[in-house]
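Beneath this line is the structure, given in structure tokens, with notes to follow.
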Amino acid sequence: MLKRTKYCGHVCEEDLGKELVLNGWVHRIRNHGGVIFIDLRDREGIVQCVVEEKTNPEVFELADSLRSEYVIALRGTVRRRPPGTENPKLKTGNYEVVIKELEVLNTSETLPFPVDEETHLSEETKLRYRYLDLRRESMRENLLFRHKAYQVARRVFGEEGFVEVETPFLTKSTPEGARDFLVPSRLHPGKFYALPQSPQLFKQILMVAGFDRYFQIVKCLRDEDLRADRQPEFTQIDFEMSFVDEEDVMSFSEKLISTMFKELLGVELKTPFERISYAQALEKYGSDKPDRRFGLELIDLSSIFKNTEFKVFRQALENGGVVKGINFKGSNLSRKEIDELTQFVQSLGAKGLAWIKVEDGKLNSPIVKFFSQEETHALIESTKAESGDVIFFSADKREVVYKVLGNLRLHIGKKYNLIDTKRFDVFWVVDFPLLEWDEEENRFVSLHHPFTSPREEDILLLQEALRVQDLEEKKRLIQSVRARAYDLVINGYEVGGGSIRIHKKELQELVFKLLQISELEAQEKFGFLLEALRFGAPPHGGLAFGFDRLVAIMRGLDSIRDVIAFPKTQKGICPLTGAPDYVEPKQLKELHIKVVE
RNA sequence: GGAGCCGUAGUUCAGCCCGGUCAGAACGCCGGCCUGUCAAGCCGGAGGGCGCGGGUUCAAGUCCCGUCGGCUCCGCCA
């Protein structure tokens with residue numbers, strides 16, 4: 001076999017006149033009768049190879065038998081293309097390789113879809129023939145970019161003294177958080193390992209062990225429903241640091257992220273990154289991971305309507321809710337477009353969508369007739385309403401209004417192309433509450449995770465909350481307890497999150513109590529952590545980045561599937577391998593598993 | 001668990017709203033011609049019965065119901 005001396009995509013000026021050997025795939029082939037052009041492709045790119053019938057009849061004949069995606073090796077000399085025949089679309093477009101010797105290493109059946117152009121393919125086809133999909137330029141570049149991202153990240157961790165440590169995949173199921181993937185134990189009938197949702201506890205324990213700074217680029221597994229930005233297995237850049245506070249963790253994160261943007265994209269991010277509070281994010285954007293690349297901010301109208309005759313608004317306010325609006329300025333939406341948006345919010349569970357269209361200085365709407373003069377004036381003022389604007393309202397419990405208007409805002413932003421997609425909007429969300437009340441579970445749950453430290457000055461509130469019997473009073477106290485947590489948001493995606501952890505056993509036990517995790521359960525599930533905290537655990541904190549999301553955002557992609565080599569469909573299926581699948585009864589028996597229909 | 005969009009040649013799509021030459025286009029594939037193309041060109045050819053199952057109808061890609069699959073979203077995702 002002729003062995004490669006250079007990648008196709010690397011052929012350049014210095015190769016002129018030289019002989020080289022190329023290995024690759026027939027990307028395209030053009031037969032002009034007496035001359036054949038072969039675009040030969042490998043990982044690094046494409047170069048045109050040429051053979052003339054007159055000068056090399058044997059090779060010509062063989063070349064004529066080539067088809068798309070045949071695997072070939074060839075020996076030839078590099079020459080400059082004749083003037084006027086250069087191809088500026090190719091990096092190697094000024095050169096061509098005159099084939100001297102040609103070897104067919106393998107043939108290929110006709111492909112199920114073209115590899116040589118970027119036609120849109122259904123996700124199913126892409127994944128079923130992922131090896132072909134990955135030959136396509138955009139996918140290849142996505143994975144090569146991802147590869148470079150690993151390299152930069154590893155280097156930065158190395159420079160900053162982080163130690164790479166692997167943590168177990170077969171571990172223990174923990175309550176709280178996502179649903180676990182379980183692995184039955186053959187050696188211990190009836191017992192199960194859980195695949196890790198994150199290496200959270202292990203990295204904390206590594207801090208107790210004194211490693212000071214740990215990192216890992218690691219798979220995490222969560223058995224939850226999929227989304228464009230969520231796969232059941234995904235990759236985190238995970239790290240933890242000892243003897244630090246939030247400023248240290250955030251500033252290291254900024255260094256890591258800005259270095260990646262600089263080196264991989266040539267984009268200079270301004271550091272330190274901007275910070276906004278959780279409350280502010282919700283107030284202004286109705287989301288804890290807002291996309292701030294466009295306006296349409298939420299406007300609070302509660303005070304305007306506090307005495308309103310309009311039943312819908314009044315009831316919402318009387319029930320402790322809010323009235324908020326967004327002004328889609330200059331949109332001149334038609335009735336049909338407004339109806340479409342109404343349908344959208346209804347799909348989120350809203351009853352309807354109140355709106356006002358401003359036309360020729362008049363408010364055109366089914367609801368203005370319920371407003372008093374003062375209300376109307378105040379409304380126009382707060383929303384800066386002008387002709388051409390359409391204002392949407394939501395009046396309900398705070399969470400519902402945030403959900404409805406936050407999603408509506410995003411929907412409009414996307415649908416009407418309001419988003420400046422060239423921009424990277426990078427910022428921290430901080431000042432999260434430590435706990436929130438969960439209606440369904442009828443208890444407090446952690447906003448981040450149960451190991452997140454509250455602010456020092458809020459610990460007293462926690463202790464008081466534990467003593468208080470009255471639930472409303474308890475809620476009130478707990479509401480104001482802030483977590484030492486921080487999320488990194490880029491372009492409306494949560495790409496990372498972390499916190500300073502609890503490093504004292506007493507505080508950890510207090511939080512477990514507030515989460516209504518019994519002492520027994522805490523001992524059973526987290527005993528090893530509590531025990532570790534007894535033996536000189538240093539103050540520590542860290543963060544984890546969603547690597548797939550980060551890479552997708554950097555590449556301007558909407559779905560993380562495009563930066564994962566072998567992702568799953570929305571139903572969690574791998575069309576390439578057919579996983580998940582049934583297994584042999586023998587396997588089940590060994591695992592002491594009986595399948596119940 | 002729920003909502004929406006989609007499912008027609010190998011691929012990407014049109015046709016579905018207004019049932020009855022509606023089974024089409026492009027690319028790909030096969031054969032032929034052609035010495036400078038690079039989404040090569042020109043000529044010719046093969047290829048699907050419209051995801052699947054019911055129903056309505058004289059007649060169904062076309063209407064209705066169910067089901068499966070893909071995607072997007074809500075729930076869920078500490």
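Computed from a predicted structure; not experimentally measured. Each chain gets a letter, A, B and so on, in the order the sequences are listed, and its residues count up from 1.
Both distances falling under 3.5 Å, in either a Watson-Crick or a G-U wobble arrangement, occur for no nucleotide opposite B:G75. Look at B:G24: its Watson-Crick or wobble partner, with both distances under 3.5 angstrom, is B:C13. In this structure, B:A60 forms no base pair with any nucleotide, since neither Watson-Crick nor G-U wobble geometry is met with both distances under 3.5 Å. Across all strands shown, B:G7 forms a Watson-Crick or G-U wobble pair, both distances under 3.5 Å, with B:C68.
For B:G49, the base adopts the syn conformation, since its glycosidic angle falls within 90 degrees of zero. Taking 90° from 0 as the syn/anti boundary, the base of B:G32 is oriented anti.
Contacts of A:E436 with the nucleic acid, taken as non-hydrogen atoms under 4.0 Å apart, are absent. Within 4.0 Å (heavy atoms only), A:D39 reaches sugar-phosphate atoms of the nucleic acid but no base atom. Across all strands, A:E52 comes closer than 4.0 Å to base atoms (heavy-atom distances). Across all strands, A:K403 comes closer than 4.0 Å only to sugar-phosphate atoms, never to a base (heavy-atom distances). Within 4.0 Å of A:L447, counting heavy atoms only, lie sugar-phosphate atoms of the nucleic acid but no base atom. Using a 4.0 Å heavy-atom cutoff across all strands shown, A:P82 reaches at least one base atom of the nucleic acid. As judged by a 4.0 angstrom heavy-atom cut-off over every strand, A:E123 is placed among residues touching the sugar-phosphate backbone only. Residue A:S198 is in base contact, counting any heavy-atom pair closer than 4.0 Å across all strands shown. Among the atoms of the strands shown, only primed sugar atoms or phosphate atoms (P, OP1, OP2) are found under 4.0 Å from some heavy atom of A:L121.
Residue A:N407 places at least one side-chain N or O closer than 4.0 Å to OP1 or OP2 of B:C74. Proximity of A:R227 to the phosphate of B:G75: no side-chain N or O atom is located under 4.0 Å from OP1 or OP2. For B:C38, the OP1/OP2 oxygens have no side-chain nitrogen or oxygen of A:H27 closer than 4.0 Å. Phosphate proximity of B:A40 to A:R30: present, with a side-chain N or O under 4.0 Å from OP1 or OP2. In this structure, A:R81 does not reach the B:G36 phosphate: none of its side-chain N or O atoms is under 4.0 Å from OP1 or OP2. Applying the 4.0 Å criterion to OP1 and OP2 of B:C73, one finds that A:S347 has every side-chain N and O outside that range. An OP1 or OP2 oxygen of B:U72 is reached within less than 4.0 angstrom by a side-chain nitrogen or oxygen of A:R561.
Here the side chain of A:T92 pairs a donor or acceptor atom with the backbone of A:I46 at under 3.5 angstrom. When atom types are taken as modelled, the side chain of A:K6 and the backbone of A:V11 share no donor-acceptor pair closer than 3.5 angstrom.
Taking the 5.5 Å centre cut-off and the 30° plane limit, the aromatic side chain of A:H32 is classed as stacked on B:A40. Aromatic stacking of A:F113 on B:U11: not satisfied for centres closer than 5.5 Å together with planes under 30 degrees.
In summary, the side chains of A:Q216 and A:T167 do present a donor paired with an acceptor at a separation below 3.5 Å, with no hydrogens or angles considered.
Evaluation of atom-type donor-acceptor distances gives no pair under 3.5 Å for the side chain of A:Q343 against the base of B:G4. Taking only distance into account, the side chain of A:R79 meets the base of B:G36 through a donor-acceptor pair shorter than 3.5 Å. Judged by distance alone with a 3.5 Å cut-off, a donor-acceptor contact links the side chain of A:R230 to the base of B:C77.
Around CD of A:E524, the count of heavy atoms belonging to other residues, nucleotides or ligands within 6.0 Å exceeds 12.
Side-chain proximity of A:K571 to the nucleotides B:C38, B:G70, B:C73 is greatest for B:G70. For A:E224, the listed nucleotide lying nearest its side chain is B:C77; candidates were B:U11, B:G36, B:C77. Considering only side-chain atoms of A:D225, the nucleotide from B:C73, B:G75, B:U35 that sits closest is B:G75. When the nucleotides B:U35, B:U37, B:A39 are ranked by their closest atom to the side chain of A:T85, B:U37 comes out on top. You'll find that the side chain of A:E96 is closest to B:U37, out of B:U37, B:G69, B:U12.
With A:R501 as the partner, the side-chain hydrogen bond (donor to acceptor under 3.5 Å, both in side chains) test is satisfied by one option alone out of A:Q204, A:E240, A:Q508: A:E240.
What separates CZ of A:F344 from C1' of B:A3 is a distance of 11 Å, to the nearest Å. If you take CD of A:Q570 and C1' of B:G69, they are 11 Å apart, rounded to a whole angstrom.
Each of A:R222 and A:F37 has a nearest nucleotide on RNA chain B; the 5'-most of these lies closest to A:F37. Each of A:S68 and A:H120 has a nearest nucleotide on RNA chain B; the 5'-most of these lies closest to A:H120.
Distance noted for atom P between B:G70 and B:C58: 38 Å (whole Å). When the C1' atom is compared between B:G15 and B:A9, the two are found 14 Å apart, to the nearest whole Å.
Cation-pi check for A:R28 over A:F37 is not met; the charged atom does not lie both under 6.0 angstrom from the ring centroid and within 45 degrees of its normal.
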